[in-house]
Amino acid sequence: MDQGILSTVGNTPLVRLDRLFPEFPARAYAKLEQFNPGGSIKDRAALNMLRGKIESGELVPGRSVVVESSSGNLAIGLAQICAYFGIRFICVVDPKTTRQNLAVLAAYQAEIDMIEHPDPVTGEYLAVRRRRVRELVESVPGAYRPDQYTNPLNARAQRQTMAEIMTELDGRVDYLFCSTGTCGTLVGCADYLRENGHPTRIVAVDAVGSAIFGHPPAPRLIPGHGASVVPPLAADARPDEVLHVSDLDCVVGCRLLAVREAILAGGSSGATVAALRRRMADLPAGSTSVLIFPDNGDRYLDTIYSDRWVTEQFGEVSHLWKGDKC
(Lines give C-alpha, C1' and ligand atoms only; values in the text may rest on other atoms or scores of the structure.)
Protein backbone atom coordinates (compact mmCIF):
# COMPACT_ATOMS: atom_id res chain seq x y z
CA MET A 1 0.00 0.00 0.00
CA ASP A 2 2.81 2.44 0.82
CA GLN A 3 3.25 4.16 -2.52
CA GLY A 4 4.49 7.62 -3.38
CA ILE A 5 5.19 10.05 -0.58
CA LEU A 6 3.98 7.64 2.12
CA SER A 7 6.86 5.29 1.35
CA THR A 8 9.16 7.83 2.98
CA VAL A 9 7.62 7.51 6.45
CA GLY A 10 10.24 6.14 8.87
CA ASN A 11 13.96 5.41 8.62
CA THR A 12 14.77 8.91 9.83
CA PRO A 13 18.36 10.03 10.52
CA LEU A 14 20.15 9.53 13.82
CA VAL A 15 22.83 12.16 14.40
CA ARG A 16 25.44 12.60 17.10
CA LEU A 17 25.23 15.79 19.18
CA ASP A 18 28.90 16.67 19.51
CA ARG A 19 28.56 20.41 20.08
CA LEU A 20 25.53 20.66 22.35
CA PHE A 21 27.31 20.06 25.65
CA PRO A 22 31.07 19.89 24.94
CA GLU A 23 31.82 19.10 28.58
CA PHE A 24 29.57 16.00 28.53
CA PRO A 25 31.86 12.93 28.90
CA ALA A 26 29.37 10.63 27.20
CA ARG A 27 27.69 10.26 23.82
CA ALA A 28 24.35 11.80 22.89
CA TYR A 29 22.39 11.19 19.70
CA ALA A 30 19.20 12.69 18.30
CA LYS A 31 16.58 10.81 16.28
CA LEU A 32 15.38 13.45 13.80
CA GLU A 33 11.72 12.72 13.17
CA GLN A 34 11.31 15.99 11.27
CA PHE A 35 12.49 14.07 8.21
CA ASN A 36 9.19 12.23 7.93
CA PRO A 37 7.17 13.59 4.97
CA GLY A 38 4.64 15.43 7.14
CA GLY A 39 7.43 16.78 9.32
CA SER A 40 7.02 14.81 12.54
CA ILE A 41 7.01 11.50 14.36
CA LYS A 42 3.20 11.55 14.22
CA ASP A 43 3.39 10.50 10.57
CA ARG A 44 4.27 7.02 11.82
CA ALA A 45 1.24 6.85 14.09
CA ALA A 46 -1.10 8.36 11.51
CA LEU A 47 -0.10 5.82 8.86
CA ASN A 48 -0.26 2.91 11.30
CA MET A 49 -3.74 3.87 12.50
CA LEU A 50 -5.16 4.20 8.96
CA ARG A 51 -3.21 1.61 6.96
CA GLY A 52 -5.16 -1.45 8.04
CA LYS A 53 -8.52 0.22 7.61
CA ILE A 54 -7.63 1.29 4.07
CA GLU A 55 -6.19 -2.09 3.09
CA SER A 56 -9.25 -3.92 4.44
CA GLY A 57 -11.67 -1.63 2.63
CA GLU A 58 -13.20 -0.25 5.82
CA LEU A 59 -12.07 3.23 4.78
CA VAL A 60 -13.30 3.97 1.27
CA PRO A 61 -12.25 7.03 -0.75
CA GLY A 62 -15.21 9.25 -1.54
CA ARG A 63 -17.36 7.67 1.17
CA SER A 64 -15.47 7.42 4.46
CA VAL A 65 -14.63 10.33 6.74
CA VAL A 66 -11.73 10.42 9.21
CA VAL A 67 -12.47 12.55 12.28
CA GLU A 68 -9.77 13.34 14.84
CA SER A 69 -8.84 15.85 17.53
CA SER A 70 -5.39 17.34 17.04
CA SER A 71 -3.95 20.82 17.04
CA GLY A 72 -0.66 19.97 15.39
CA ASN A 73 1.49 17.17 14.10
CA LEU A 74 -0.95 14.26 14.05
CA ALA A 75 -3.46 16.44 12.22
CA ILE A 76 -0.94 17.14 9.50
CA GLY A 77 0.07 13.48 9.23
CA LEU A 78 -3.57 12.39 8.90
CA ALA A 79 -4.31 15.21 6.46
CA GLN A 80 -1.49 14.13 4.18
CA ILE A 81 -2.55 10.48 4.18
CA CYS A 82 -6.21 11.32 3.61
CA ALA A 83 -5.26 13.67 0.77
CA TYR A 84 -3.18 10.93 -0.83
CA PHE A 85 -6.04 8.42 -0.76
CA GLY A 86 -8.86 10.88 -1.43
CA ILE A 87 -10.51 10.42 1.95
CA ARG A 88 -12.40 13.27 3.62
CA PHE A 89 -10.79 14.48 6.85
CA ILE A 90 -12.39 16.60 9.57
CA CYS A 91 -9.94 17.92 12.16
CA VAL A 92 -11.16 19.33 15.47
CA VAL A 93 -8.81 22.08 16.62
CA ASP A 94 -8.81 24.95 19.12
CA PRO A 95 -7.61 28.57 19.22
CA LYS A 96 -4.12 27.47 20.29
CA THR A 97 -3.58 25.84 16.91
CA THR A 98 -0.98 27.89 15.05
CA ARG A 99 -1.78 29.77 11.87
CA GLN A 100 0.89 27.77 10.10
CA ASN A 101 -0.65 24.43 11.06
CA LEU A 102 -4.08 25.63 9.96
CA ALA A 103 -2.58 26.71 6.63
CA VAL A 104 -0.95 23.30 6.12
CA LEU A 105 -4.23 21.54 6.90
CA ALA A 106 -6.05 23.77 4.45
CA ALA A 107 -3.47 22.99 1.77
CA TYR A 108 -4.30 19.30 2.19
CA GLN A 109 -8.03 20.12 1.90
CA ALA A 110 -8.77 19.12 5.49
CA GLU A 111 -11.98 20.48 7.00
CA ILE A 112 -11.41 22.51 10.16
CA ASP A 113 -13.86 22.31 13.08
CA MET A 114 -12.77 25.00 15.54
CA ILE A 115 -13.61 24.73 19.25
CA GLU A 116 -14.18 28.22 20.63
CA HIS A 117 -14.31 27.78 24.40
CA PRO A 118 -12.23 25.71 26.86
CA ASP A 119 -13.59 23.33 29.43
CA PRO A 120 -15.04 25.46 32.27
CA VAL A 121 -13.54 23.21 34.95
CA THR A 122 -9.98 22.74 33.71
CA GLY A 123 -9.65 25.76 31.43
CA GLU A 124 -8.20 23.43 28.78
CA TYR A 125 -9.46 22.56 25.31
CA LEU A 126 -8.59 18.87 25.03
CA ALA A 127 -11.69 17.46 26.76
CA VAL A 128 -13.94 19.75 24.70
CA ARG A 129 -12.21 18.73 21.47
CA ARG A 130 -12.68 15.06 22.24
CA ARG A 131 -16.36 15.56 23.03
CA ARG A 132 -16.78 17.32 19.70
CA VAL A 133 -15.13 14.40 17.90
CA ARG A 134 -17.64 12.01 19.48
CA GLU A 135 -20.50 14.25 18.31
CA LEU A 136 -19.19 14.30 14.75
CA VAL A 137 -18.63 10.54 14.64
CA GLU A 138 -22.24 10.01 15.73
CA SER A 139 -23.66 12.46 13.19
CA VAL A 140 -21.45 12.11 10.08
CA PRO A 141 -22.14 9.04 7.90
CA GLY A 142 -19.09 6.86 7.31
CA ALA A 143 -17.08 8.52 10.08
CA TYR A 144 -14.06 6.81 11.64
CA ARG A 145 -12.19 8.08 14.68
CA PRO A 146 -8.56 6.92 14.97
CA ASP A 147 -8.39 8.30 18.55
CA GLN A 148 -4.66 8.68 19.10
CA TYR A 149 -5.18 8.79 22.86
CA THR A 150 -6.49 5.21 23.13
CA ASN A 151 -5.48 3.48 19.92
CA PRO A 152 -2.78 0.85 20.53
CA LEU A 153 -1.69 1.26 16.90
CA ASN A 154 -0.38 4.69 17.89
CA ALA A 155 2.08 3.10 20.29
CA ARG A 156 2.79 0.10 18.07
CA ALA A 157 4.07 2.39 15.31
CA GLN A 158 6.85 3.60 17.57
CA ARG A 159 8.33 0.15 18.06
CA GLN A 160 9.83 0.66 14.62
CA THR A 161 11.29 3.99 15.75
CA MET A 162 13.13 2.22 18.55
CA ALA A 163 14.15 -0.65 16.29
CA GLU A 164 15.78 1.83 13.91
CA ILE A 165 17.70 3.42 16.79
CA MET A 166 18.94 0.09 18.13
CA THR A 167 20.00 -1.09 14.67
CA GLU A 168 21.96 2.10 14.08
CA LEU A 169 23.76 1.84 17.43
CA ASP A 170 24.20 -1.95 17.46
CA GLY A 171 21.87 -2.28 20.43
CA ARG A 172 24.00 -0.12 22.71
CA VAL A 173 21.70 2.55 24.15
CA ASP A 174 21.97 3.24 27.86
CA TYR A 175 19.40 6.06 28.18
CA LEU A 176 16.39 7.05 26.08
CA PHE A 177 14.93 10.54 26.59
CA CYS A 178 11.39 10.70 25.26
CA SER A 179 8.86 13.52 25.58
CA THR A 180 5.28 12.58 26.43
CA GLY A 181 1.87 13.58 25.09
CA THR A 182 -0.44 10.76 24.10
CA CYS A 183 2.31 8.45 25.45
CA GLY A 184 2.34 6.56 22.15
CA THR A 185 6.06 7.05 21.55
CA LEU A 186 6.94 6.31 25.16
CA VAL A 187 4.91 3.10 25.28
CA GLY A 188 5.95 1.88 21.84
CA CYS A 189 9.66 2.40 22.45
CA ALA A 190 9.45 0.85 25.91
CA ASP A 191 7.60 -2.20 24.56
CA TYR A 192 10.28 -2.80 21.94
CA LEU A 193 13.09 -2.48 24.48
CA ARG A 194 11.52 -4.83 27.01
CA GLU A 195 10.41 -7.42 24.49
CA ASN A 196 13.94 -7.60 23.12
CA GLY A 197 15.65 -7.69 26.51
CA HIS A 198 17.46 -4.35 26.26
CA PRO A 199 18.36 -2.77 29.64
CA THR A 200 18.02 0.80 28.31
CA ARG A 201 16.84 3.21 31.00
CA ILE A 202 13.78 5.17 29.84
CA VAL A 203 13.44 8.81 30.88
CA ALA A 204 9.98 10.25 30.27
CA VAL A 205 10.12 14.02 29.76
CA ASP A 206 6.86 15.69 30.72
CA ALA A 207 5.80 19.33 30.95
CA VAL A 208 5.36 21.32 34.12
CA GLY A 209 1.59 21.71 34.23
CA SER A 210 0.90 18.34 32.61
CA ALA A 211 -1.38 15.83 34.34
CA ILE A 212 0.07 12.67 32.76
CA PHE A 213 2.09 11.50 35.77
CA GLY A 214 -0.13 12.62 38.60
CA HIS A 215 0.53 16.36 38.80
CA PRO A 216 -2.38 18.82 38.78
CA PRO A 217 -2.97 20.39 35.36
CA ALA A 218 -1.85 23.98 34.91
CA PRO A 219 -1.58 26.39 31.96
CA ARG A 220 1.23 25.67 29.49
CA LEU A 221 2.57 27.78 26.65
CA ILE A 222 4.45 25.25 24.52
CA PRO A 223 2.32 22.67 22.65
CA GLY A 224 3.53 19.27 21.57
CA HIS A 225 4.13 17.58 24.89
CA GLY A 226 2.23 17.16 28.12
CA ALA A 227 -1.54 16.80 28.45
CA SER A 228 -4.27 18.33 30.61
CA VAL A 229 -5.84 14.90 31.18
CA VAL A 230 -4.23 11.49 31.60
CA PRO A 231 -4.34 9.70 28.21
CA PRO A 232 -5.47 6.05 28.41
CA LEU A 233 -2.21 4.90 26.80
CA ALA A 234 -0.39 6.21 29.88
CA ALA A 235 -1.63 3.16 31.78
CA ASP A 236 0.96 1.13 29.85
CA ALA A 237 3.75 3.67 30.31
CA ARG A 238 6.31 2.43 32.79
CA PRO A 239 9.30 4.76 32.48
CA ASP A 240 12.26 4.32 34.77
CA GLU A 241 12.08 7.98 35.68
CA VAL A 242 10.05 11.09 34.91
CA LEU A 243 11.43 14.60 34.56
CA HIS A 244 9.20 17.66 34.35
CA VAL A 245 10.51 20.63 32.39
CA SER A 246 9.11 24.14 32.15
CA ASP A 247 8.16 26.17 29.10
CA LEU A 248 11.34 28.20 29.57
CA ASP A 249 13.36 24.96 29.72
CA CYS A 250 11.93 24.05 26.30
CA VAL A 251 12.81 27.42 24.83
CA VAL A 252 16.37 27.30 26.11
CA GLY A 253 16.81 23.72 24.89
CA CYS A 254 15.61 24.65 21.41
CA ARG A 255 17.75 27.76 21.23
CA LEU A 256 20.84 25.84 22.35
CA LEU A 257 20.20 23.28 19.60
CA ALA A 258 19.92 26.01 16.98
CA VAL A 259 23.02 27.89 18.15
CA ARG A 260 25.29 24.94 18.83
CA GLU A 261 24.12 22.14 16.52
CA ALA A 262 22.33 24.13 13.78
CA ILE A 263 19.25 21.97 14.39
CA LEU A 264 15.91 23.76 14.26
CA ALA A 265 13.65 21.59 16.39
CA GLY A 266 10.27 21.85 18.08
CA GLY A 267 9.40 22.46 21.71
CA SER A 268 9.27 18.81 22.78
CA SER A 269 12.77 18.34 21.37
CA GLY A 270 13.95 21.24 23.51
CA ALA A 271 12.35 19.51 26.46
CA THR A 272 14.50 16.41 25.98
CA VAL A 273 17.60 18.61 25.71
CA ALA A 274 16.66 20.27 29.01
CA ALA A 275 16.17 16.85 30.59
CA LEU A 276 19.56 15.61 29.39
CA ARG A 277 21.19 18.77 30.67
CA ARG A 278 19.64 18.21 34.09
CA ARG A 279 20.74 14.58 34.26
CA MET A 280 24.09 14.59 32.48
CA ALA A 281 26.19 15.09 35.63
CA ASP A 282 24.86 11.72 36.83
CA LEU A 283 25.32 9.79 33.59
CA PRO A 284 28.39 7.54 33.39
CA ALA A 285 31.29 8.59 31.20
CA GLY A 286 31.20 6.67 27.96
CA SER A 287 27.48 5.91 28.16
CA THR A 288 25.15 6.47 25.21
CA SER A 289 21.96 8.54 25.37
CA VAL A 290 19.40 8.98 22.62
CA LEU A 291 16.96 11.87 22.48
CA ILE A 292 13.90 11.62 20.26
CA PHE A 293 13.25 14.92 18.45
CA PRO A 294 9.59 14.68 17.37
CA ASP A 295 9.37 17.57 14.92
CA ASN A 296 10.90 20.57 13.20
CA GLY A 297 11.13 24.07 14.61
CA ASP A 298 9.54 25.79 11.63
CA ARG A 299 6.14 25.45 13.31
CA TYR A 300 7.45 27.45 16.27
CA LEU A 301 8.95 30.43 14.47
CA ASP A 302 6.35 32.78 15.95
CA THR A 303 6.94 31.54 19.50
CA ILE A 304 10.08 29.70 20.59
CA TYR A 305 12.28 31.26 17.89
CA SER A 306 10.76 34.73 18.12
CA ASP A 307 12.88 37.01 20.34
CA ARG A 308 9.89 39.26 20.82
CA TRP A 309 7.58 36.46 21.96
CA VAL A 310 10.19 34.99 24.30
CA THR A 311 10.84 38.38 25.90
CA GLU A 312 7.10 38.99 26.35
CA GLN A 313 6.66 35.65 28.09
CA PHE A 314 9.86 35.32 30.13
CA GLY A 315 11.69 38.64 30.08
CA GLU A 316 15.23 39.07 28.80
CA VAL A 317 16.62 35.53 28.96
CA SER A 318 18.88 35.32 25.89
CA HIS A 319 21.92 34.93 28.13
CA LEU A 320 20.67 31.40 28.82
CA TRP A 321 21.72 30.26 25.36
CA LYS A 322 24.27 32.83 24.26
CA GLY A 323 27.96 32.69 25.09
CA ASP A 324 30.47 29.89 25.16
CA LYS A 325 28.89 28.08 28.11
CA CYS A 326 25.40 28.13 29.54
Side-chain angles (χ1 to χ4, degrees), residues 2-12 31-51 53-54 59 64-115 125-126 129-130 132-133 136 144-149 151 153-154 157-158 160-161 179 181-182 184-185 222-227 231 254 264-269 292-305:
D2 297 343
Q3 302 296 316
I5 190 65
L6 302 184
S7 67
T8 65
V9 174
N11 294 310
T12 52
K31 182 69 165 164
L32 300 181
E33 290 297 297
Q34 62 185 258
F35 283 89
N36 284 301
S40 84
I41 196 169
K42 293 292 188 177
D43 289 3
R44 297 177 185 261
L47 185 58
N48 210 42
M49 290 190 293
L50 295 187
R51 183 195 339 247
K53 298 288 184 181
I54 295 170
L59 286 178
S64 300
V65 184
V66 173
V67 183
E68 182 61 296
S69 161
S70 172
S71 59
N73 290 329
L74 183 78
I76 291 170
L78 289 172
Q80 184 177 47
I81 295 166
C82 288
Y84 184 82
F85 287 104
I87 296 172
R88 183 182 171 197
F89 175 43
I90 303 175
C91 188
V92 179
V93 301
D94 62 54
K96 291 184 177 180
T97 306
T98 66
R99 287 179 297 173
Q100 183 177 15
N101 284 349
L102 292 173
V104 173
L105 292 173
Y108 284 126
Q109 304 297 304
E111 298 174 35
I112 304 299
D113 191 294
M114 177 70 74
I115 294 298
Y125 288 99
L126 179 57
R129 289 204 325 251
R130 297 191 70 193
R132 178 58 178 157
V133 169
L136 288 169
Y144 167 65
R145 176 190 187 188
D147 195 1
Q148 62 171 324
Y149 299 98
N151 195 329
L153 294 176
N154 175 6
Q158 306 307 335
Q160 179 60 31
T161 309
S179 60
T182 65
T185 302
I222 307 297
H225 73 132
C254 287
L264 199 69
S268 52
S269 304
I292 295 180
F293 287 180
D295 63 0
N296 202 333
D298 58 0
R299 294 167 188 170
Y300 302 82
L301 294 177
D302 293 334
T303 54
I304 290 172
Y305 295 100

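- With sequence neighbours excluded, the residues satisfying side-chain contact (heavy atoms from CB on, under 4.5 Å) with F35 are T12, P13, L32.
- In this view, P37 and I5, T8, V9, D43, Q80 satisfy the side-chain contact (heavy atoms from CB on, under 4.5 Å) rule, not counting sequence neighbours.
- Contact check for F85 versus L6: side-chain heavy atoms found under the 4.5 Å cut-off.
- What you find for P294 and S179 is that their closest heavy atoms are CG-OG, 3.7 Å.
- Residues L74 and M49 are in side-chain contact: their nearest non-hydrogen atoms beyond the backbone lie under 4.5 Å apart.
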Residue pair I41, N73: steps toward the side-chain contact (heavy atoms from CB on, under 4.5 Å) verdict: CA-CA 8 Å; I41 196 169; N73 290 329; over 6 Å; no
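- The minimum heavy-atom distance between C254 and I304, with the atom names listed, is CB-CG2, 3.6 Å.
- Side chain of N154 to main chain of N151: no donor-acceptor pair is present (N/O by atom type, distance under 3.5 Å, no hydrogens or angles).
- Across all non-hydrogen atoms, the minimal contact from A75 to F89 is O-CE2, 3.5 Å.
- Here D147 pairs with R130, T150 under the side chain to side chain donor-acceptor pair (under 3.5 Å) rule; sequence neighbours left out.
- Counting heavy atoms from C-beta on, the side chains of I76 and K42 never come closer than 4.5 Å.
- T161 pairs by the side chain to side chain donor-acceptor pair (under 3.5 Å) definition with R44, Q158, not counting sequence neighbours.
- N11 is linked by a side-chain contact (heavy atoms from CB on, under 4.5 Å) to E164, counting only residues two or more places apart in sequence or in another chain.
- Take E111 and apply the side chain to side chain donor-acceptor pair (under 3.5 Å) test, not counting sequence neighbours, and it matches R88.
- Every salt bridge (Lys or Arg N to Asp or Glu O under 4.0 Å) that D302 has, sequence neighbours left out, goes to R99.
- Applying the salt bridge (Lys or Arg N to Asp or Glu O under 4.0 Å) test to every pair with at least one member in residues 69-85, sequence neighbours left out, gives no pairs at all.
- Between L264 and N296 the shortest heavy-atom distance is O-OD1, 2.7 Å.
- The shortest heavy-atom contact between L50 and C82 is CD1-SG, 4.2 Å.
- Applying the salt bridge (Lys or Arg N to Asp or Glu O under 4.0 Å) test to every pair with at least one member in residues 65-86, sequence neighbours left out, gives no pairs at all.
- Remark: R132 pairs with D113, E135 by the salt bridge (Lys or Arg N to Asp or Glu O under 4.0 Å) rule, at least two apart or across chains.
- Annotation: side-chain contact (heavy atoms from CB on, under 4.5 Å) contacts of T303 (sequence neighbours excluded): Y300, W309.
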Q160 and N48: CA distance, side-chain angles, deciding distance, side-chain contact (heavy atoms from CB on, under 4.5 Å) verdict: CA-CA 11 Å; Q160 179 60 31; N48 210 42; over 6 Å; no
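- Side-chain contact between S70 and Q148 is present, with heavy atoms from C-beta onward closer than 4.5 Å.
- Between V93 and L105, the closest heavy-atom pair is CG1-CD1, 4.5 Å.
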